[in-house]
Amino acid sequence: MILRHKFEILKLFLAVLFMVAASDVSAAPSDRLWRYLTDGSIQSSPAIGADGVIYAGSCDNFLYAVNPDGTLRWRYETDDRIYSSPSISAEDGTIYFGAWDNYLYALNNDGTLRWRYPAEDKIYSSPALGSDGVVYMTSYDKHLYAIDADGIFKWRYLTDGWIASSPVIGADGTIYVGTSTGRLYAINPDGTLLWNYMTGSYIISTPAVGADGVIYVGNLNALNAVNSNGTRRWTYPTDGWIFSSPAIGTDGIIYVGSCDGYLYAINPGGNLRWRFKTDSAIWASPALSADGTVYVGSWDGSVYAVYSAGILKWKYETENEVWSSPAIGTEGTIYVGSHDRSLHAIEGDSPRTEGDYADAMALYADSPWPRFGQNNWNLHRNLKEGETPEPDPEPVPPSLELESGVEAIPDETVSVGLILKNNEEKTVVENIDVEITYDKEKLNPLEATLTNGALDGGDYEISYQNDDETIAVTINMGTDYLFKGNGVLAYLDFVALGDVGDTTDLTFAKAVFNTEYDLLGEPDDPADDLANNGSVTFVNTQVPVPPSLELPSDVQQAFSGGTLSIPLTLVNTGTIPTPVEGVDVEIGFDNEVLNAAGAMLTGGIFENENYGIVSQSKEGSLEVTIYAKDELLTGSGLIAYLEFDVVGNIDDTTDLTFIEARANKIDVSATSTSARVVKNVFEISGNIVYYSDPTLTPVRNVQMTIEGDGTYSVATDETGSYLFSDIPPGNYVSTPSKNDDLGGLTATDVSRIERYASGLFLGFDDYQMIAADVTRNGEVDATDASRLSRYIEGEIDSLNSEGIEWVFIPVDSDNVPLNTYASDREYSPLNSNRENENFIAIRLGDVTGEWTPTEEPIRKRTLQEKRSGPWSVVPWSVVRGQRSVVSGP
């Protein structure tokens with residue numbers, strides 16, 4: 001105890017010393033203002049409260065609250081390490097964070113525990129805070145959790161892998177999170193799956209959501225841009241794992257760090273703007289200053305300040321690796337943690353204003369948590385300087401309602417919904433106690449059920465009692481699942497006894513919500529009545545629900561000078577689907593962008609189903625009629641493609657709107673779309689690396705040839721990269737070839753191939769087997785060793801009858817080599833940009849993998865040149881079957 005007390009005094013003395021030193025002179029950018037020492041490394045990224053207090057977790061199990069002057073305000077102890085970065089509520093200052101002890105913590109801003117919620121495994125990531133107060137967290141237990149602001153469980157979603165990625169929230173409330181399998185999930189706010197997208201490898205990086213809905217996230221070796229509908233936009237490969245989470249600058253540039261040691265600046269289109277080299281891996285996420293400076297930490301122990309043009313401004317050195325992402329205070333101070341166990345405060349380059357915040361966040365989705373740290377300064381909160389939260393208003397109770405106008409067929413079962421409405425305060429449903437009167441001559445009660453309602457699957461129980469002409473229904477909550485929305489809570493089932501044309505009422509005799517709210521109010525004051533009665537009408541048959549029509553919700557790409565096909569979808573999913581006799585639509589558009597060409601049923605649900613279609617093109621509109629020839633269908637789905645010629649210029653846009661939308665001669669609801677003209681050419685790009693060291697050895701000067709509906713050729717550059725641009729749509733085959741850089745062959749290669757052929761060496765992998773088969777006959781034998789030896793000596797001019805020196809193996813999306821000699825890729829058709837069309841290069845004969853590019857590429861020599869050239873090899877002859885061979889290293 002005495003020793004620990006002395007250590008605390010020493011830490012306080014050091015903090016004061018640093019403050020005094022900082023106050024003696026005017027600090028310049030990169031100067032240390034103070035340093036607060038903890039008992040463990042700080043990997044947690046700091047967060048800054050509205051009052052300027054800095055919060056950060058440490059591997060000593062404490063969350064620290066440090067004053068802006070570097071003194072300790074308080075600290076809170078958990079039961080294990082804290083890697084999670086705190087998230088701070090902009091409404092009440094609550095601090096949320098996860099810990100290695102499996103708990104999500106909520107602390108008051110005075111450091112006292114508000115609540116904690118248990119996961120089933122460790123929590124590495126940081127929470128995301130929804131605008132409705134919901135806290136989203138992830139865990140190594142593979143779940144995404146939704147917990148309300150009071151610490152009450154709402155739902156959880158099971159993914160396919162452990163999760164270190166922090167969740168983020170899109171403009172529509174969709175929650176995005178990545179998993180260890182490389183899958184990016186999009187989860188609806190109610191906890192159901194919207195879509196998932198496979199990036200191909202581990203996702204530790206936290207996504208960022210752009211204003212256009214594009215999601216940016218890193219994985220094992222690339223930054224991925226994914227459209228809001230779960231389709232791929234582009235991928236930019238790096239030479240190392242991307243743990244860093246992207247940040248978007250006010251110019252739209254995406255900044256991200258990689259374990260290859262580079263800070264990358266990627267243009268919105270997916271190509272490189274610049275990259276800045278540090279001396280080690282970058283795990284941290286960049287923070288962007290108001291003046292455009294990019295701050296990022298590196299495992300080399302430094303925090304770098306980089307100009308927006310990619311040039312070093314300054315760097316600050318800590319005493320160990322920096323995994324923590326910097327946070328920038330209002331006055332421009334940079335706060336960052338280090339493995340040296342300290343929280344550092346560094347003089348920055350510029351202060352920021354609320355206007356700067358608005359400019360920075362305009363590039364992100366309009367949501368409360370569009371990226372790791374919430375904003376470009378990694379403050380983990382919304383910026384609301386100078387604002388004081390309004391006092392909480394008096395709670396307003398919701399209302400209860402019985403469905404009205406429910407149609408019932410005599411002698412059949414009818415269900416009437418008990419509906420919770422107007423729950424604007426998001427009050428948790430603890431219990432419901434209602435009594436409902438009915439006419440026993442018209443209805444015979446059966447039961448009350450939660451099935452198919454909002455509480456179905458949750459921890460709620462329902463009880464039911466029938467007493468003459470009154471039924472009593474009680475709903476009580478459990479402990480694990482508490483509902484706080486609107487919707488049908490339960491269904492009351494009856495047998496319909498009335499006659500066709502009869503109507504009967506269902507009336508609340510009692511309606512109590514959460515024990516304290518009597519929703520019926522006083523009899524003499526109907527305005528207080530928050531319980532609305534229902535009714536049932538008896539009919540011959542239930543009336544079908546009218547269908548609706550939809551065009552795609554996302555913007556359609558229209559290729560300049562090409563054609564555009566837009567699907568028309570019939571939504572016909574009512575309880576009793578409508579038989580479709582006919583559909584009549586007229587679609588309006590800008591005729592300076594599109595010309596109507598017609599419509600067809602091909603590929604839709606009406607194809608080959610006794611339906612016909614006619615269309616008429618007008619100036620600025622397309623009329624389409626679909627009609628039944630025989631039996632009527634009641635299906636739902638794509639019913640036609642609307643065809644247009646694209647006549648506009650690049651970047652022209654047009655809305656496609658319904659002038660008329662009718663089904664069975666009845667007006668129906670319809671959803672419109674829009675189109676944007678884009679360039680009618682595509683890009684094909686990729687990288688070629690050597691098989692033995694694919695992370696460090698690019699292969700230059702590989703001739704890439706595309707043949708098919710045109711012929712195009714490029715060569716790889718010094719980084720092994722190639723790019724075909726402006727390739728028109730069509731069918732093509734791309735083929736790599738190379739006839740220089742012919743070094744890398746030694747007597748050791750000959751020896752190993754001969755020993756393999758003799759059964760004395762079995763250590764070849766798939767790539768080495770391909771390299772060993774220099775004759776390209778599908779077998780590795782002594783002939784290959786003999787031919788390689790004679791080639792090295794200069795006795796023959798080629799390794800094989802085809803004159804091939806190099807083999808190229810296509811690499812699929814999972815970076816798995818295709819064990820085949822087919823060194824080409826087919827595009828049938830090429831109808832989109834193709835990225836990461838990568839190849840593995842193999843120099844035939846080089847089974848040791850020692851080939852490296854030469855300063856001047858060695859071209860294929862003539863026999864005479866070989867015999868007199870500068871080859872540093874030992875002449876070696878091989879006789880088939882001979883076992884006494886010379887072995888190299």
Can Ile123 and Met137 be said to form a side chain to side chain contact (heavy atoms under 4.5 Å, CB included), step by step?
CA-CA 8 Å; Ile123 299 174; Met137 72 162 186; 3.7 Å; yes

Could you go through the side chain to side chain contact (heavy atoms under 4.5 Å, CB included) check for Leu63 and Thr78 one step at a time?
CA-CA 8 Å; Leu63 180 79; Thr78 67; 5.9 Å; no

Derivation and outcome, side chain to side chain contact (heavy atoms under 4.5 Å, CB included), residues Val209 and Val214
CA-CA 6 Å; Val209 186; Val214 175; over 6 Å; no

Under the criterion side-chain hydrogen bond (donor to acceptor under 3.5 Å, both in side chains), I'd like the reasoning laid out for Ser87 against Arg381: C-alpha separation, chi angles, the key distance, then a yes or no.
CA-CA 6 Å; Ser87 297; Arg381 62 183 176 86; over 6 Å; no

Under the ring pair (Phe, Tyr, Trp, His ring centres under 6.0 Å) rule, what do Tyr103 and Tyr117 come out as? Steps first, then yes or no, please.
CA-CA 5 Å; Tyr103 279 96; Tyr117 185 87; 8.5 Å; no

Criterion side chain to side chain contact (heavy atoms under 4.5 Å, CB included) on Ile346 and Trp314, from CA distance to verdict
CA-CA 12 Å; Ile346 309 164; Trp314 51 258; 4.0 Å; yes

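A salt bridge links Glu120 with Arg156: the closest approach of a Lys/Arg side-chain nitrogen to an acidic carboxylate oxygen falls below 4.0 angstrom. Ion pairing between a basic and an acidic side chain is recognised when a charged N comes within 4.0 Å of a carboxylate O; Lys315 and Asp300 show no such pairing.
Of the options Tyr64, Tyr55, Phe62, a ring-ring contact (aromatic ring centres under 6.0 Å, His included) to Tyr36 is made by Tyr64 and by none of the others.
Closest of all the heavy-atom pairs between Asp60 and Gly40 is CB-N, 3.7 Å. Nearest heavy atom pair, residue Lys122 against residue Asn102, reads N-OD1, 3.2 Å. Residue Ser258 comes nearest to Tyr264 through the heavy atom pair CB-CE1, 3.7 Å, listed as atom of the first residue, atom of the second, then distance. Counting all heavy atoms, side chain and backbone alike, Leu288 lies closest to Trp377 at O-NE1, 3.3 Å. Minimum interatomic distance between Trp74 and Leu72 (heavy atoms only, all atoms of both residues): O-CD1, 3.3 Å. Residue Ala186 comes nearest to Leu193 through the heavy atom pair O-CD1, 3.7 Å, listed as atom of the first residue, atom of the second, then distance.
Put simply, OH on Tyr124 and OG1 on Thr138 are 11.0 Å apart, with the number rounded to the nearest 0.5 Å. To the nearest 0.5 Å, atoms CG (Leu104) and CZ (Arg116) are separated by 11.0 Å. Residue Ser324 holds its OG atom at 8.0 Å from CG of Leu343, rounded to the nearest 0.5 Å. Residue Ser89 holds its OG atom at 6.5 Å from CG of Leu129, rounded to the nearest 0.5 Å. Asp132 contributes atom CG, which lies 9.0 Å from atom CG of Asp148 (distance to the nearest 0.5 angstrom). To the nearest 0.5 Å, atoms CG (Asn227) and OH (Tyr197) are separated by 9.0 Å.
Looking at Thr318, its side chain does come within 3.5 Å of a backbone N or O of Gly301 through a donor-acceptor pair. Ser85 places no side-chain N or O within 3.5 Å of a backbone atom of Ser44 that could act as its donor or acceptor partner. Between the side chain of Asn267 and the backbone N or O of Gly270 there is no donor-acceptor pair closer than 3.5 Å. For Asn224 (side chain) and Val217 (main-chain N/O), a donor-acceptor pair under 3.5 Å exists by modelled atom type. Listed for the Ser325 side chain is no donor-acceptor partner under 3.5 Å among the backbone atoms of Ala284. No donor-acceptor pair under 3.5 Å is formed between the side chain of Ser338 and the backbone N or O of Val322. At least one donor-acceptor pair closer than 3.5 Å links the side chain of Ser201 to the backbone N or O of Leu220. A donor-acceptor pair under 3.5 Å is formed between the side chain of Ser205 and the backbone N or O of Ser244. Asn219 places a side-chain N or O within donor-acceptor distance of the main-chain N or O of Ala222, the cut-off being under 3.5 Å. Checking side-chain atoms of Thr174 against main-chain N and O of Ile187 turns up no donor-acceptor pair under 3.5 Å.
A cation-pi arrangement, defined by a distance under 6.0 Å to the six-membered ring centre and an angle within 45 degrees of its axis, is present between Lys277 and Tyr262.
For Ala47, the side chain to side chain contact (heavy atoms under 4.5 Å, CB included) test picks out Pro86, Ile88, His380, with sequence neighbours left out. Every residue was checked against the salt bridge (charged side-chain N to carboxylate O under 4.0 Å, His left out) condition with Asp239, not counting sequence neighbours, and none meets it. Residues passing the salt bridge (charged side-chain N to carboxylate O under 4.0 Å, His left out) test with Asp359: none are found, sequence neighbours excluded. With sequence neighbours excluded, the residues satisfying side chain to side chain contact (heavy atoms under 4.5 Å, CB included) with Ser342 are Arg35, Leu37, Asp340, His344.
Applying the side chain to side chain donor-acceptor pair (under 3.5 Å) rule to pairs touching residues 279-296 yields Ser289-Asp291, Ser289-Ser350, Asp291-Thr293, Asp291-Lys313, Thr293-Lys313, Tyr295-Asp349, sequence neighbours excluded.
Annotation: side chain of Arg73 is not in contact with side chain of Val66 (no heavy-atom distance under 4.5 Å). Contact check for Pro286 versus Leu263: side-chain heavy atoms found under the 4.5 Å cut-off. Using a 4.5 Å heavy-atom threshold, the side chains of Glu317 and Val303 count as separate. Counting only heavy atoms from C-beta outward, the side chains of Ile48 and Tyr335 approach each other to under 4.5 Å.
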Can you give the donor-acceptor pairs under 3.5 Å from side chains of residues 175-182 to other protein atoms, not counting sequence neighbours?
{"from": "Thr179", "atom 1": "OG1", "to": "Asp160", "atom 2": "OD1", "distance (Å)": "3.1"}
{"from": "Thr179", "atom 1": "OG1", "to": "Thr181", "atom 2": "N", "distance (Å)": "3.4"}
{"from": "Thr179", "atom 1": "OG1", "to": "Thr181", "atom 2": "OG1", "distance (Å)": "2.9"}
{"from": "Ser180", "atom 1": "OG", "to": "Trp162", "atom 2": "N", "distance (Å)": "3.1"}
{"from": "Ser180", "atom 1": "OG", "to": "Trp162", "atom 2": "O", "distance (Å)": "3.4"}
{"from": "Thr181", "atom 1": "OG1", "to": "Asp160", "atom 2": "OD1", "distance (Å)": "2.9"}
{"from": "Thr181", "atom 1": "OG1", "to": "Asp160", "atom 2": "OD2", "distance (Å)": "2.9"}

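Under the 30°/60° scheme for interplanar angles, the aromatic rings of Tyr105 and Phe97 are found to lie parallel.
Between the side chains of Asn378 and Arg371, a donor-acceptor pair is found at a separation under 3.5 Å. With no hydrogens or angles considered, a side-chain donor-acceptor pair links Thr333 and Glu331 at under 3.5 Å. Defined by atom type and a distance below 3.5 Å, a donor-acceptor pair is present between the side-chain atoms of Thr38 and Ser58. At a cut-off of 3.5 Å, with distance as the only test, no side-chain donor of Asp31 or Tyr316 sits close to an acceptor on the other residue. For the 3.5 Å distance criterion, the side chains of Thr159 and Arg183 fail to qualify, holding no donor opposite an acceptor.
Checked against a 6.0 Å centroid threshold, the rings of Trp241 and Phe243 count as neighbours.
For CG of Asp80, the number of neighbouring non-hydrogen atoms (other residues, nucleotides, ligands) closer than 6.0 Å is greater than 12.
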